[in-house]
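This report concerns only the one structure given below.
Every chain is numbered from 1, with letters handed out A, B, ... down the list of sequences.
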There are 2 protein chains.
Amino acid sequence: MEQIYVDTAKMLKAISDPKRLRIVDMLSCGELCAFQLLEAFSVTQPTLSHDMKVLIEAGIVNDRREGKNTYYSLDNSVLAALQQALGGMFRPKPECICRKNGPDDS
Amino acid sequence: MEQIYVDTAKMLKAISDPKRLRIVDMLSCGELCAFQLLEAFSVTQPTLSHDMKVLIEAGIVNDRREGKNTYYSLDNSVLAALQQALGGMFRPKPECICRKNGPDDS
DNA sequence: CTCCAATATCGAAACATTCAAATAATTCAA
DNA sequence: TTGAATTATTTGAATGTTTCGATATTGGAG
């Protein structure tokens, strides 16, 4: 399977959850620390920590340690690339994959 | 949890898989029947059928029966709405969720 | 160093997803 | 109606995800 599908799917999977999508929305206007995010949700601290790790490992969120706090922020270039990749897959293309591929190599 | 997150997450989950993402890409230039899709993949017919059902239930793909064949096509309005919803969550907002919400209602 | 606050990791239970083999259903043609 | 082609559903095993309580780690205050 082509890498673009694998990479894009990995990012999508990270945000294909209402909680994590809301976290992304909350981070869209600036960085927040774990405690601020935790206040807004009905989940335990370990659960939030796990969700942040999923977002970080997908490359969507960056973390920054400052004293006892960890601040999270969106990686806007990654999100922009994700949107562009999706746009490319959703719209018709002159060199469409459906016209040039036989059985795949997966 | 607000409905926009639930709905968006459901669609994202449907395409957060390299196979299904590739299927969407293949359908982007026009409808294809199950057999045509099957030719391009190394999966069994039941697996493809299952994946198509996931896409249909998420509202991303429409199916149309014609004789013995089922033709699948993208629902472009749903995809456009998905892209718009994502754009709204990724970019900063004047009325940001992080400034008006206390503990949630989930 | 010791304690506390903030965050991360571990371990386990519950639940969901994936995928293929077997089988069923649908449609057309003869 | 029978048979062949195409697609859908069921079943079950393997795997992955979610979430929590318990515990560990990290950094600053005293």
So, OP1 or OP2 of [N]: does either fall under 4.0 Å of a side-chain N or O from [X]?
| X | N | answer |
| --- | --- | --- |
| Ser49(B) | dA8(D) | yes |
| Asn69(B) | dA5(D) | no |
| Lys19(B) | dC19(C) | yes |
| Arg65(B) | dA8(D) | no |

Touch class at under 4.0 angstrom, heavy-atom based, for Tyr71(B) against every strand present: nothing
Touch class at under 4.0 angstrom, heavy-atom based, for Thr47(B) against every strand present: base
Upstream residue (5' side of DNA chain C) when Lys68(A) and His50(A) are each assigned their closest nucleotide: Lys68(A)
Cys33(B) side chain, from C-beta outward: closest of dA8(C), dA6(C), dT7(D):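 The listed nucleotide nearest to Cys33(B)'s side chain is dT7(D).
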Side chain of Thr70(B) - closest among dA8(D), dG21(D), dT7(C): dA8(D)
Minimum side-chain heavy-atom gap Val54(A)-Arg20(A) below 4.5 Å: yes
Met52(A) side chain reached by Leu37(A) side chain, heavy atoms, under 4.5 Å: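 Contact flag for Leu37(A)/Met52(A) side chains = yes.
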Donor-acceptor pair present, Gln45(A) side chain and dA6(C) base, under 3.5 Å: no
Atom-pair distance (CG on Asp63(B); P on dT6(D)), nearest Å: 18 Å
